[in-house]
Amino acid sequence: MLQKLSTKDGLALQMFVSTSVTHKQMIAARQRYSKKKYKSVCLESFSRNGESYREAWGSIFDFLGLPATKNIMEMIENHGPSAKTLRAHKKKHMDSTSTEAKNKLKTLVREIDKELFDGRVAALEQELGCPNG
């Protein structure tokens, strides 16, 4: 029979997996590609708001040396998952978790990070260049 883990234990387990496997793979990939010219864009850039969505795409086109023409940007916004669609998807799946509950989870993650991981989880955001407030 399965037993439910406490929230703290479940978060600690996921943090262990992230810092021992995922984190190492991400850092290794970043080091491997750092010798080559590449563009890194944080996923949050595409889902914050419409302006952030356009800026993220604009930075990709700039990196590629291509003009981000009005027609291209309209095509991306009309046929790609727009910021509005992403927010609706996020809202549908996140409404059950209040802002207060999310803040409690963030606080708990930071506490676990200090207690068990010597700040490695907090360092992950900075190492990968995508801080998540």
Side-chain angles (χ1 to χ4, degrees):
M1 178 187 267
L2 295 175
Q3 292 182 350
K4 183 178 178 181
L5 290 175
S6 70
T7 301
K8 185 173 182 174
D9 289 342
L11 284 171
L13 178 61
Q14 185 57 50
M15 291 165 72
F16 171 77
V17 170
S18 295
T19 57
S20 63
V21 179
T22 308
H23 177 224
K24 289 177 184 173
Q25 291 170 338
M26 289 178 172
I27 297 303
R30 178 165 274 225
Q31 289 171 347
R32 184 171 54 244
Y33 291 112
S34 67
K35 296 174 183 162
K36 300 177 183 177
K37 192 173 180 181
Y38 74 100
K39 174 74 176 164
S40 176
V41 182
C42 299
L43 181 59
E44 292 84 3
S45 300
F46 292 99
S47 59
R48 277 191 210 114
N49 58 51
E51 187 61 31
S52 176
Y53 182 82
R54 287 184 289 281
E55 287 174 7
W57 274 110
S59 73
I60 291 169
F61 279 101
D62 286 346
F63 174 77
L64 296 173
L66 299 172
T69 65
K70 183 178 177 181
N71 289 341
I72 289 174
M73 295 307 287
E74 285 177 359
M75 183 179 71
I76 289 171
E77 290 177 23
N78 292 332
H79 299 289
S82 68
K84 182 178 178 182
T85 304
L86 291 171
R87 280 195 311 276
H89 176 76
K90 184 177 177 182
K91 181 174 175 40
K92 177 181 174 185
H93 294 282
M94 297 300 286
D95 272 353
S96 62
T97 308
S98 69
T99 301
E100 182 181 341
K102 290 176 201 174
N103 289 336
K104 285 181 182 179
L105 286 174
K106 286 181 182 182
T107 300
L108 187 54
V109 165
R110 302 223 190 287
E111 288 172 8
I112 295 167
D113 186 29
K114 288 177 186 174
E115 290 173 18
L116 302 176
F117 298 95
D118 298 320
R120 285 182 301 199
V121 176
L124 174 63
E125 294 175 345
Q126 296 306 313
E127 287 180 61
L128 297 176
C130 290
N132 186 11

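For the single chain, residues carry numbers from 1 onward in sequence order. As the structure is a prediction and not an experimental result, all values here were calculated from the model. Basis for what follows: all heavy atoms, side chains included, without hydrogens, waters or symmetry-related copies.
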I'd like to check Phe63 versus Ile60 (side-chain heavy atoms, cut-off strictly below 4.5 Å). Are they in contact?
no
Glu115 atom CD, over 12 foreign heavy atoms within 6.0 Å:
yes
CZ of Arg110 to CG of Leu105: how many Å apart, nearest 0.5 Å?
11.5 Å
With Glu74 via salt bridge (charged side-chain N to carboxylate O under 4.0 Å, His left out) - residues at least two apart
none
Heavy-atom pair of closest approach, residues Val121 and Asp113
N-OD1, 3.0 Å
Run Ile112 and Phe16 through side-chain contact (heavy atoms from CB on, under 4.5 Å) and show every step you take.
CA-CA 10 Å; Ile112 295 167; Phe16 171 77; over 6 Å; no
Can you name the closest pair of heavy atoms from Phe117 and Ala12 and give their distance?
CZ-O, 3.6 Å
For Lys114, give me all partners under salt bridge (charged side-chain N to carboxylate O under 4.0 Å, His left out), at least two apart in sequence or on another chain.
none
Is there a side-chain contact (heavy atoms from CB on, under 4.5 Å) between Met15 and Leu116 once you walk through the steps?
CA-CA 10 Å; Met15 291 165 72; Leu116 302 176; over 6 Å; no
If you round to the nearest 0.5 Å, how far is CG of Leu66 from CZ of Phe61?
6.5 Å
Using side-chain contact (heavy atoms from CB on, under 4.5 Å), reason through Thr7 and Leu11 one step at a time and then give a plain yes or no.
CA-CA 6 Å; Thr7 301; Leu11 284 171; 4.1 Å; yes
If you measure only the distance, is there a donor-acceptor pair under 3.5 Å linking the side chains of Asp62 and Ser59?
no
